[in-house]
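Let me begin by presenting the structure, written as structure tokens, before commenting on it.
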Amino acid sequence: MARITVKGVSEIRGPIIVIEGVSGIRMGEYLEVKLPNKPTRKGRVLAIEEERVIILLYQGTYEVEKDDIETEFFGRTMQLFVAEDMIGRVFNSLGEPLDGLPSIYSDEYRDINGSPINPTSRIYPRDYIETGISSIDLMNTLVRGQKLPIFTGAGLPNNRLIGQIVKQARIAETEDKEKFAIVFGAMGLTMDDYIYFQRLFEETGTLNKVVMFVNLASDSPAERLITPRVALTTAEYLAFDKDYHVLAILSDITNYCQALRAISVALETVPSRKGYPGYMYSDLASIYERAGIIEDSQGSITLIANLTMPNDDITHPIPDLTGYITEGQIILDRSLHYRGIYPPIDVLGSLSRLMKDGIGEGYTRKDHPSLSNQLYASYAEGLDKRRLAEVIGKKELNRRDQILHEFADIFEEDYVNQGDNYRTIEESLNLGWSLLSHLPETELTKVSTDLILEYIPNKGADSV
Amino acid sequence: MTNSDEERARIVTIKGSTVEVRGLSSYRMGEITYVGEEKLIGEIIEIERNLATVQVYEPLEGLKINDPIYLTGKSISAELGPGLLSNIFDGIQRPLEQIKKTSSSSFIQKGIHINALNRDKKWLFEPNKKLTKGHLVKGGDVLGSVQETQTIKCNIIAPPKTNGELLSIQEKGEFQITDPIVELKGSDKSKKELTLMHEWPVRIARPFLKKIPVHEPLITGQRIIDMFFPIAKGGTAAIPGGFGTGKTILQHQLSKWSDADIVVYIGCGERGNEMTDVLREFPKLVDPHTQNPLMNRTLLIANVSNMPVAAREASIYMGITMAEFYRDQGFNVLLTADSTSRWAEALREIAGQLEEMPVEEGYPAYLGARLADFYERAGQVVTLGSPYREGSINITAAVSPPGGDFSEPVTANTKRFVKTFWGLDSNLANRKHFPSINWLYSYSGYINIIEEWALESGLEDWGRYRQEMFTILQKDDELQHIAELIGSKALPADEQLIILVADIIKEGFLQQNAYDKIDSFCPLEKQMKMMKLMLLFNNRAEILIKNGCPISLIIGLKSVQILKRMKEDVPNDNIVQMNKMEDYIHTEMEELGSKYGYRV
Ligand SMILES: Nc1ncnc2c1ncn2[C@@H]1O[C@H](COP(=O)(O)OP(=O)(O)OP(=O)(O)O)[C@@H](O)[C@H]1O
Ligand SMILES: [Mg+2]
């Protein structure tokens, strides 16, 4: 495609520039802006109104001089060169190396926006992933190919949890460990968090399996808009062209959404809630929906994203819209954290929508579905009783309510609070049953008598 | 439209999912246009002097100013004829399986033009024997039939505006969908051919003879719906709820188990995997009413969240038009849309690009009107044409309120136009009480109609059981507030009993596990029997309490567990076992009663 070069701009506002009097420009096209004595900046055509071309500059417009710049339009959308060699490397959001090694040269390149997967080409994810964490494995099972965000609050140990997942989760089939890769998209991360992840990959020996795309808090917010797209383009290539099982980690979605809001304000679009643009749902969907499994490929993309809820508010547009798109969420709870419980997973608020088909006979164990249902139900009741006890005092509870209250306590202290220990699914299941043995059989309405006899034999014996 | 027109027509603005076009000598609202060299599909949605705005159903990347534009002379239409069922389409009725084959890609590419209906397939057409030469054929008349799927015989009907004298009709035989099967002579002597298919502009409701009152329930096999908040065939219901409250699962359940003849499932801006789930599961499931594979009566539209937003806007109309097509054949159709909020957001996004004045939360002023038009297309009707047919469309639509707040514009407007409201409650969902339909603020506007129907259908007790159970639940709610302050231990025994029975009802009746082999679908007889047993228990326990029996003994009865578990423990057709349970409950309570001077 022929390139077009133009000198000067007519408007500059925020990260947006407007160029007039140029024709033949394409919607969405990639461009580079040359500034005298400064590094070239990159951008994208956002809209074209007759002679006016509206452009987003990823590195912002600071120090751009009105007449002294030259814009080169590439006649195509932004593309990323992709190759298996990317594994083990560190790039910025534009795919330029940050590790001092040469750029990627490849015959293969991809449009970073991707295309929607045809629903008839998807394979419904069913293979559960053992993470070693009971609150996930038993209660909110992760499935290969799932998109599952972690809703966290400032200061909660979400990164430690991700670290554990990276360390422990068996995402690839055991026999083919080689075909496993992590794609990490850092969006507006602080240096501290970034260093944490770097260490994590080093310590877990996964550094040579990770592709990193890094946009730090100090980097341009506009560039943040492409970080997840570049990361997922790489993930798609590895998973769907090269048959890798990819764990994609994005952190932090909240920083991404704030950048999105800043750009939409500059473009003067009509805001919906809290100043976030009305198209944020579709925009986030264009990221999250890239996870999954497709026919004609042995690979998969499992997507885990950090999402810091502003003021711990789950109804804030960022977690809210995300929850409407992803296949569940893991929620971290501040009060559990303050009580020293790790991982502080809010088991009831969390959800894995793909769990139903990944568990049970032939997958995990036959008792899994009803056992987890019973644990949810009894724990939920136990929490009600705890709230009641806060009002009337624990002594005023009747016998049954006291037992349930205690059940909630031990559920949190013994079950959720597992620290960094690894529990196999077998161990998590058995521990679940041993918790249930604290309850009278009349409470066990979600598990069949056969299962009770099998897993709590002494309980089954004294009932008729 | 002339060729020179096309030569002059040019794109002048490209923004979001719309382009502006100048240079045509005439514009028609709603006309389908092909945009740019790739011929992306679009529709004219606004005209201002010599400038037309086109909403484009595909991504706009790569378009340039001055790119050409081609008019088609058609409005956005659905192809209607045999071959729709068991299929999955995108928001503008392109068949997704075909797209996959043609492009040999797992991803949806741009600029693909494929007809909704397969042109090559041959169908065995059986003519309507009553039609003979000279017969006056009018819109809606049945010309013959085609066995569309194992379950569904598709009536081939004359398109609504037909009017002519029959010149010829084909004998029984195999035809492609575009082959002429009927030849007519119009009043102006012109000849007209009718085929197995016709097209209909989706934004216009298909005509019918008249609307008639709804009169029977849609049986869904979901207890809280059938017994507490029923919906009539031809009725409308909204399913609002925050994320993860169970809207999609409920819609899957309705699509699976309802006694509708045809199901149109619209995945409008939701997850890809959910559509894959339906595609994977439905062919394996058997319709409990006909014993046939469910897929035979199902038609899917998938315009998932990352597919173009303009096509999402169209998908709702595409779906309802196909539903009307089956209604006009005389079927009861269930249309379920997940989620109308995503559709409203698409509307909002496009309105924003047109720089229309937003009213509430960025939504355009006509949001309410559009919703009204959509729900108006539901109902029970007498169709056009002969023979006499009645058909119906149910609309059950998910609403996804931001932050789960029901006062937001889409939920509030929807409430004005639907008669049934199944409000999903995130507190219930969080404790895994599913379906999380809240029994205190949900309602059905069809109770009286269905009560009448129940009386005629041998379910005389329906209204009474329902009322009794409701009363218990309502009292329970009041008591819960008190118990939260003083603890239930401090309540008198008869009030503790209400809490116990309400607990049995909630767990044993209202909760229904979609993933349980038995409980996923619950037949009416079993629903009634379950209510009967629970109320029996309540009645006996009340007498026991009056006679001084301590509540703790009643709580400890095995009957309590039986009542909570019979939904999953008793196979749906095993009335004998239900009767045995009834006996057991009788006996157990009598035994207890004998200690407290109570006799049956
Ligand atoms: N009847 C049911 N039986 C068992 N589980 C259920 C039932 N209904 C819902 N669930 C559980 O709730 C989860 C969420 O349900 P669903 O996907 O229908 O929510 P939703 O309201 O459609 O959410 P979203 O708005 O995000 O799409 C399911 O994955 C399932 O675990
Ligand atoms: Mg849903």
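Each chain gets a letter, A, B and so on, in the order its sequence line appears, and its residues count up from 1. All heavy atoms count here, side chains included; hydrogens, waters and symmetry mates do not.
- Between the B:T18 side chain and the B:K15 main chain, a donor and an acceptor come within less than 3.5 Å of each other.
- Here the side chains of B:I301 and B:Y265 are not in contact, with every heavy-atom distance at 4.5 Å or above.
- Salt bridge B:K64/B:D67: present, at least one basic N to carboxylate O contact under 4.0 Å.
- Within the 4.5 angstrom heavy-atom criterion, no atom of A:T269 approaches chain B.
- When each of A:L46, A:D384, A:I314, A:V53 is scored by its heavy-atom pairs under 4.5 Å with chain B, the top score falls to A:D384.
- For B:A346, no part lies under 4.5 angstrom from a heavy atom of chain A.
- Checked by atom type, the side-chain pair B:Y584/B:S559 shows no donor-acceptor distance below 3.5 Å.
- Contacts between B:K100 and chain A at a heavy-atom distance below 4.5 Å involve backbone atoms as well as side-chain atoms.
- Interface residue B:V304: only side-chain heavy atoms are found under 4.5 Å from chain A.
- With B:E97 contributing its side chain and B:N87 its backbone, the two residues share no donor-acceptor pair below 3.5 Å.
- Residue B:K247 touches chain A through its side chain alone, counting heavy-atom pairs closer than 4.5 Å.
- Of all the listed residues (A:E295, A:R290, A:R273, A:E396), the one sharing the greatest number of non-hydrogen pairs under 4.5 Å with chain B is A:R273.
- Only the side chain of A:E236 comes within less than 4.5 Å of a heavy atom of chain B; its backbone N, CA, C and O stay farther away.
- Contact annotation for A:S23: neither backbone nor side-chain heavy atoms come within less than 4.5 Å of a heavy atom of chain B.
- Contact annotation for B:S105: only backbone heavy atoms (N, CA, C, O) come within less than 4.5 Å of a heavy atom of chain A.
- Annotation: cation-pi pair A:K147/A:Y288 absent, no NZ/CZ under 6.0 Å from the ring centroid and within 45° of its normal.
- With chain A as the partner, the residue from B:M275, B:R342, B:R431 showing the most heavy-atom pairs under 4.5 Å is B:R342.
- Interface residue B:R565: only side-chain heavy atoms are found under 4.5 Å from chain A.
- Using a 4.5 Å cut-off between heavy atoms, B:E270 contacts chain A through both its backbone and its side chain.
- Neither the backbone nor the side chain of A:Y379 comes within less than 4.5 Å of any heavy atom of chain B.
- Chain A forms the most heavy-atom pairs under 4.5 Å with one residue out of B:G244, B:G404, B:S341, and that residue is B:G244.
- Neither the backbone nor the side chain of B:N66 has a heavy atom closer than 4.5 Å to any heavy atom of chain A.
- Only the backbone of A:V447 has a heavy atom closer than 4.5 Å to any heavy atom of chain B.
- In this structure, chain B has no heavy atom under 4.5 Å from any part of A:D346.
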Q) Do B:D503 and B:K564 pass the salt bridge (Lys or Arg N to Asp or Glu O under 4.0 Å) test, and can you show the C-alpha distance, the side-chain angles, and the key distance before you say yes or no? A) CA-CA 9 Å; B:D503 184 49; B:K564 284 184 175 180; 2.9 Å; yes

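- Neither the backbone nor the side chain of A:S297 comes within contact range of chain B, judged by heavy atoms closer than 4.5 Å.
- A donor-acceptor contact closer than 3.5 angstrom links the side chains of A:S286 and A:R229.
- Only the backbone of A:I25 comes within less than 4.5 Å of a heavy atom of chain B; no side-chain atom from C-beta onward does.
- Looking at B:S106 and A:N118, their side chains never bring a donor and an acceptor atom within 3.5 Å of each other.
- Of the atoms belonging to A:D313, not a single heavy atom falls under 4.5 Å from chain B.
- Counting heavy-atom pairs closer than 4.5 Å to chain A, the top residue among B:E349, B:E484, B:Q511, B:R280 is B:R280.
- Per-residue counts of heavy-atom pairs under 4.5 Å with chain A were compared for B:H433, B:R348, B:K110; the largest is that of B:R348.
- Heavy atoms closer than 4.5 Å to chain B are found in both the backbone and the side chain of A:Y324.
- Chain A forms the most heavy-atom pairs under 4.5 Å with one residue out of B:G352, B:P358, B:S400, B:G362, and that residue is B:S400.
- Contacts of A:D357 with chain B are made by side-chain atoms alone, with heavy-atom separations under 4.5 Å and no backbone atom involved.
- One N or O on the side chain of A:E29 and one on the backbone of A:R26 form a donor-acceptor pair closer than 3.5 Å.
- If you measure heavy-atom distances from B:N513 to chain A, the contacts under 4.5 Å come from the side chain alone.
- The parts of B:P401 that come within reach of chain A are both its backbone and its side chain, each placing non-hydrogen atoms under 4.5 angstrom from that chain.
- The contact between B:L96 and chain A is made by backbone and side chain atoms together, counting heavy-atom distances below 4.5 Å.
- Both the backbone and the side chain of B:E361 come within contact range of chain A, with heavy atoms under 4.5 Å apart.
- Residue contact with chain B, scored on non-hydrogen atoms closer than 4.5 Å, involves the backbone of A:S350 exclusively.
- Other residues, nucleotides and ligands place more than 12 heavy atoms under 6.0 Å from the NZ atom of B:K284.
- In this structure, the portions of A:K446 lying under 4.5 Å from any heavy atom of chain B include both its backbone and its side chain.
- Interface remark: of the candidates B:L279, B:N430, B:L485, B:N306, B:N306 forms the most heavy-atom pairs closer than 4.5 Å to chain A.
- In this structure, a donor-acceptor pair under 3.5 Å is present between the side chains of B:N273 and A:E327.
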